[in-house]
Amino acid sequence: MRIFSGIQPTGRKHLGNYIGAIAQYVAGQERGEAIYCIVDLHALTVAYDPADLRAGLYDLLAVLLAAGLDPERCVLFRQSDVREHSELTWLLSNVTSYGELSRMTQFKDKAGSARELATAGLFFYPVLMASDVLLYRAQEVPVGDDQRQHVELMRDVAQRFNARFGDTLVVPEHRIPAVGARIMDLQHPQSKMSTTTGSVEGTVYVTDAPAAIEKKLKRAVTDSGDEVRRAVDKPGITNLIEIFAAVRGEAPEEIEAELKDARYGELKSAVAGAVIDYLAPVRERYADLRGDESQLEAILADGAERARSIAGETLADVRERMGVGAPRRDRPLR
Ligand code: TYM
């Protein structure tokens, strides 16, 4: 089983990223050949500062290592180090339609009303993401719920490519966790927790100090009524129950049974304590790892070399199938 996922080096990573994605990456190391990519080229699609991008990349790499990614047990690399991603994006853009890219909800959300001013890169974002996964012929893509549509698109692109040029690419499946696939903002529980669109007070960052985590959870917006149970008209309480279940590794039903007589305040204190315990070891290891940038670069260089050897093979096959470049004589395709 080959597993691939990517994560952007922008903004401070939050509890939604951690529960929805990073915890799954760590688990993936036990289940198969895991490949994880820090997608700095995706980060160019919206306004950014070059120095912040570099710093954010080291921040994220240190968080991933602190969370338990082990470069001995997975391939961990920076997207821009493996140029095959950019080339495959161009090639696959010719089996992707303008119409399907226009329908991507993330493009519509990020471009907003100023659609004319959005970069062409933002429009192409899903093609780059398809290339990320398809280059490694991965079977499984662990992501949060917000990436569902992008994974659907890469499946369509792979199927269309295979139908047009012959069987070359693996059609991947998403792996979206049953609990915690969509962690909501603590202040606006109708919106997902997000560094770009969320509120600072409603977002728990992975490297937040315990006092900050406690404050944010204790001020979390709750709903009318007083019962601790999940319901459509109780988005705040539902979110707190999901967070609690995810960090404790239990089913939400178990949490509801345990807290059926509790008050909202008790729920908030219990969730705060659990999240603090969950993130404390990560924050401590992060502080040790973040300082040594040359060590972080050495990890990325090693990861890139391993990634390139897989990506190079797929790209050569795709070029051959599409009739691009000199014909391959070493390993003719069927
Ligand atoms: P990014 O960097 O925005 O988010 C990284 C991962 O975190 C998940 N996530 C959440 N999960 C639960 N609750 C939330 N509130 C929440 N917010 C974010 C995301 O679903 C994601 O899994 N396009 C991707 C990066 C990417 C990628 C790839 C992913 C590029 N190439 C190839 C998979 C495969 C993104 O922007 O993720």
Side-chain angles (χ1 to χ4, degrees), residues 2-26 28 34-46 53 56-57 59-61 63-64 67 77-80 82 85-86 88-89 92 104-107 109-110 121-122 124-136 138-155 157-158 172-186 188-199 202-206 235 238-239 242-243 246-247 307 311:
R2 190 177 275 166
I3 300 168
F4 183 99
S5 199
I7 181 164
Q8 293 206 61
T10 39
R12 294 165 64 198
K13 290 295 149 183
H14 53 70
L15 191 61
N17 299 126
Y18 202 91
I19 293 174
I22 298 173
Q24 293 201 79
Y25 303 167
V26 178
I35 306 175
Y36 302 120
C37 177
I38 302 182
V39 295
D40 56 344
L41 297 178
H42 277 109
L44 312 182
T45 57
V46 291
L53 179 61
L57 195 133
D59 293 346
L60 174 58
L61 177 56
V63 164
L64 294 175
F77 73 104
R78 171 169 51 203
Q79 188 183 35
S80 60
V82 181
H85 291 242
S86 303
L88 187 62
T89 298
L92 293 183
M104 292 287 116
T105 50
Q106 182 177 295
F107 174 71
D109 289 350
K110 285 198 178 169
L122 187 65
F124 260 51
Y125 183 114
V127 192
L128 178 58
M129 186 164 157
S131 301
D132 293 340
V133 175
L134 301 180
L135 264 181
Y136 298 90
Q139 282 105 1
E140 195 181 280
V141 187
V143 282
D145 187 66
D146 61 347
Q147 298 300 317
R148 195 183 284 271
Q149 195 186 27
H150 285 154
V151 178
E152 252 340 286
L153 178 80
M154 67 179 76
R155 288 170 56 81
V157 167
E173 308 266 349
H174 62 62
R175 186 183 173 97
I176 296 177
V179 179
R182 196 172 179 82
I183 300 294
M184 308 308 263
D185 187 294
L186 300 174
H188 307 281
Q190 296 82 0
S191 319
K192 69 172 181 180
M193 192 176 279
S194 158
T195 346
T196 40
T197 56
S199 67
T203 305
V204 172
Y205 297 102
V206 174
T238 302
N239 191 36
E242 283 244 342
I243 293 174
V247 301

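Each ligand, and each atom within it, is numbered from 1 in the order the structure gives. The structure presented is a predicted model; accordingly, all values stated were derived computationally and were not measured.
- Annotation: salt bridge (Lys or Arg N to Asp or Glu O under 4.0 Å) contacts of Asp40 (sequence neighbours excluded): none.
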Ligand 1 N/O to protein N/O, distances under 3.5 Å:
unit_1	atom_1	unit_2	atom_2	d
ligand 1	2 (O)	Gln8	N	2.8
ligand 1	2 (O)	Lys13	NZ	3.3
ligand 1	4 (O)	Asn17	ND2	3.4
ligand 1	7 (O)	Asn17	ND2	3.1
ligand 1	11 (N)	Gly16	O	3.2
ligand 1	13 (N)	Ile183	N	2.9
ligand 1	15 (N)	Ile183	O	2.8
ligand 1	15 (N)	Met193	O	3.0
ligand 1	20 (O)	Gly144	N	2.9
ligand 1	20 (O)	Asp146	OD1	2.4
ligand 1	22 (O)	Gly144	N	3.1
ligand 1	23 (N)	Tyr125	OH	2.7
ligand 1	23 (N)	Gln147	OE1	3.1
ligand 1	31 (N)	Asp132	OD2	2.7
ligand 1	36 (O)	Gln8	NE2	3.0
ligand 1	36 (O)	Tyr125	OH	2.7

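- Salt bridge absent: Lys192 and Asp185 never bring a charged side-chain N and a carboxylate O closer than 4.0 Å.
- In this view, Arg155 satisfies the side chain to side chain donor-acceptor pair (under 3.5 Å) rule with no residue, not counting sequence neighbours.
- Two rings, from His42 and Phe124, have their centers 6.0 Å or more apart.
- For the residue pair Thr89/Ser86, the side-chain donor-acceptor check at 3.5 Å is not satisfied.
- Applying the salt bridge (Lys or Arg N to Asp or Glu O under 4.0 Å) test to Glu242 and every residue at least two apart in sequence or in another chain returns nothing.
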